[in-house]
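Note: hydrogens, waters and symmetry copies are ignored here, and every other heavy atom, side chains too, is used. These numbers were taken from a predicted model, which means no experiment stands behind them.
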Amino acid sequence: MAFLLRTLRLGFANLMLHKLRSLLTALGIIIGVAAVIAMAAHGEGTKQEALRSILDMGANNIIVRSVKPPAPANVGDNAGQRVLSYGILRRDVHRIESTIGPIQAMVPLKRVGSQVINGYNTAPAEVFGTTPQLIEVTSLRLARGRYISELDTQRRDNVAVIGDAVAKRLFPLQDPVGATFRVDEHTFTVIGVLRPIGLAGGAGTALVGRDLNFDIHIPMQVALTSFGDTRMNRGSGTMEITQVELTELVVRTEDKDDVIPLAAKIRRAMDLTHGDKQDVTVIVPLELLTQAERTQFIFTLLIVFIAALSLLVGGIGIMNIMLASVTERTREIGIRRAMGATRQHIIAQFLVETTVLSGVGGVIGVIVGIVLVTALWVISQFQTQLPSPVFSMVYTVIAFCFAVLTGVAFGLYPAIKAAWQDPIVALRHD
């Protein structure tokens, strides 16, 4: 024990004689460890956001969505005004209900309207007619008020449940519940406000197809009677008329094991009725979840490879400096051998120095990595498009241990070279 303490003190003393050189030697280790910690935190944050986005869509759900088909290649100059009919049909819903199972619930959504206004306030919102079951089959939750009821649907009341972002845009200085706003020329009364959904920007919006915080839900019967199936989309010098019976269909299964087989049946049914129109797509969150986990595994392997590469460079730097140190300290080695030090003592001395060097570099790298993760977290609070990083203790410990092992491995050859020098030749060295 006393020998180990003396060797540690001697190793520290030798490193402190050349502070700047020791710091530059450990720089590769510092950068490697810090990079691993920062990359792992960013990757974990991105993965968790993607998984949350997928789970918000419902692991037991299958989403059938109308998609605007690509414009035909032979469209001429009259393309500015044309009627485009596409998407899910009501008879598709009847066919799925009667021929495909097991299904726990099936909720339709129909996009209507084009402009959402409250006085001088506007919002880039999307208005959907739907049924009361939507909140039961999705992760939507109310912040205040209530959701659409069967009575609202039967009476065809002009009521609406709005997303969190819509509430902030249309009613910045008042409680939205009980207030009114307009969708085109129709007036609606707010009966509820949804909780914020963590899908704003980034992977969430890409997976869901839109930011759910800008959604407005109205009773399906109101959407049918007040707006119908035809919408006019005005652009710069163009006007496109579209006819879409249903925009989206959320199908929920009783058992998660039924999701994939049921999705395959729905895809076949849609292919039979829609042929080559390419106007309907089937999204399965469970498949996306599996794909995200597979992608994360590949990303983890990439992190390991980059960590190994970065720390390899740091280890080569340590070996280079230690070989130079062996040459500089040849006479010291000869004197120690002449005074009774064994080869094992010399090896231990140099290994302690490389271990201390890589260990201190690893500690500094951990500190720098934590600072980087904190900086990324602060940036993500202002830039909502960036995912919040998630600090990973596992990757931190792995990076630090790998840094120390790298120092030991690359310090072993210089230590052996120093130990096997001829003491007489070493004493004659100037």
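- Here CD of E248 is found 11.5 Å from CZ of R111. Values are rounded to the nearest 0.5 Å.
- Between R169 atom CZ and I162 atom CD1 the span is 12.5 Å, to the nearest 0.5 Å.
- Between V193 and G163 the shortest heavy-atom distance is CG1-O, 4.4 Å.
- No side-chain heavy atom of S66 sits under 4.5 Å from any side-chain heavy atom of D279.
- Salt bridge K110/E245: absent, no basic N to carboxylate O contact under 4.0 Å.
- Side chains of F410 and T354 form no contact here, defined as non-hydrogen atoms less than 4.5 Å apart.
- Electrostatic pairing of D229 and R90 counts as a salt bridge here, judged by a charged N lying under 4.0 Å from a carboxylate O.
- Between V67 and Q278, every side-chain heavy-atom pair lies at or beyond the 4.5 Å cut-off.
- The aromatic ring centres of F227 and H186 sit less than 6.0 Å apart.
- Residues Y395 and I37 are not in side-chain contact: their nearest non-hydrogen atoms beyond the backbone lie 4.5 Å or more apart.
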Does the side-chain contact (heavy atoms from CB on, under 4.5 Å) test come out yes or no for T131 and H217, once each step is laid out? CA-CA 9 Å; T131 64; H217 299 163; over 6 Å; no
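- Contact check on D164 versus K168 returns a salt bridge, with a Lys/Arg side-chain nitrogen under 4.0 Å from an Asp/Glu carboxylate oxygen.
- Across S380 and P389, no two heavy atoms sit closer than the pair OG-CD, 4.0 Å.
- We find the CG-CD1 distance between L249 and I63 to be 10.0 Å, quoted to the nearest 0.5 Å.
- Not counting sequence neighbours, the partners of T99 by the side-chain contact (heavy atoms from CB on, under 4.5 Å) test are R95.
- The shortest side-chain heavy-atom distance between V36 and T396 does not fall under the 4.5 Å cut-off.
- The minimum heavy-atom distance between V183 and F181, with the atom names listed, is CG2-CE1, 3.5 Å.
- Although no hydrogens or angles enter the test, the distance criterion places a donor-acceptor pair under 3.5 Å between the side chain of N118 and the main chain of L170.
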Worked verdict on V93 versus I96 for side-chain contact (heavy atoms from CB on, under 4.5 Å): CA-CA 5 Å; V93 178; I96 293 174; 6.0 Å; no
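- Of all the heavy atoms in V112 and A223, the pair that sits closest is CG1-CB, 3.9 Å.
- The backbone N or O of P108 lies less than 3.5 Å from a partner atom in the side chain of T130, making a donor-acceptor pair.
- The distance from atom CD1 of I241 to atom OG of S85, rounded to the nearest 0.5 Å, is 12.0 Å.
- No hydrogens or angles considered: a donor-acceptor pair under 3.5 Å links the side chains of D184 and S114.
- Distance check, rounded to the nearest 0.5 Å: CE of M106 to CD1 of I62 gives 10.5 Å.
- Side chain of T253 to main chain of N60: a donor-acceptor pair is present (N/O by atom type, distance under 3.5 Å, no hydrogens or angles).
- When side chains are defined from C-beta on, E126 does not count as touching I216, because their heavy atoms never get closer than 4.5 Å.
- Counting heavy atoms from C-beta on, the side chains of K277 and P69 never come closer than 4.5 Å.
- Side-chain atoms of H274 and Y86 form no donor-acceptor pair, as typed in the model, at a separation below 3.5 Å.
- Inter-residue side-chain proximity for Q104 and E136 is flagged as unmet; no heavy-atom pair is nearer than 4.5 Å.
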Using the side-chain contact (heavy atoms from CB on, under 4.5 Å) rule, take H42 and M39 through it: C-alpha gap first, then chi angles, then the decisive distance, then the call. CA-CA 5 Å; H42 177 72; M39 288 179 61; 5.8 Å; no
side-chain contact (heavy atoms from CB on, under 4.5 Å) between N158 and T187, worked out: CA-CA 7 Å; N158 279 18; T187 301; 5.6 Å; no
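- Looking only at distances, no side-chain donor or acceptor of R65 sits under 3.5 Å from a matching main-chain atom of T247.
- In this model, a donor atom of one side chain and an acceptor atom of the other lie less than 3.5 Å apart for N61 and R252.
- Distance check, rounded to the nearest 0.5 Å: CZ of F188 to CD1 of I218 gives 4.0 Å.
- For the side chain to side chain contact (heavy atoms under 4.5 Å, CB included) with Y147, the lone residue among V159, D152, V161 that qualifies is V161.
- Of all non-hydrogen atoms in L140 and I135, the two that sit nearest each other are O-CG1, 3.3 Å.
- Here the closest non-hydrogen pair linking D92 and G87 is OD2-O, 4.5 Å.
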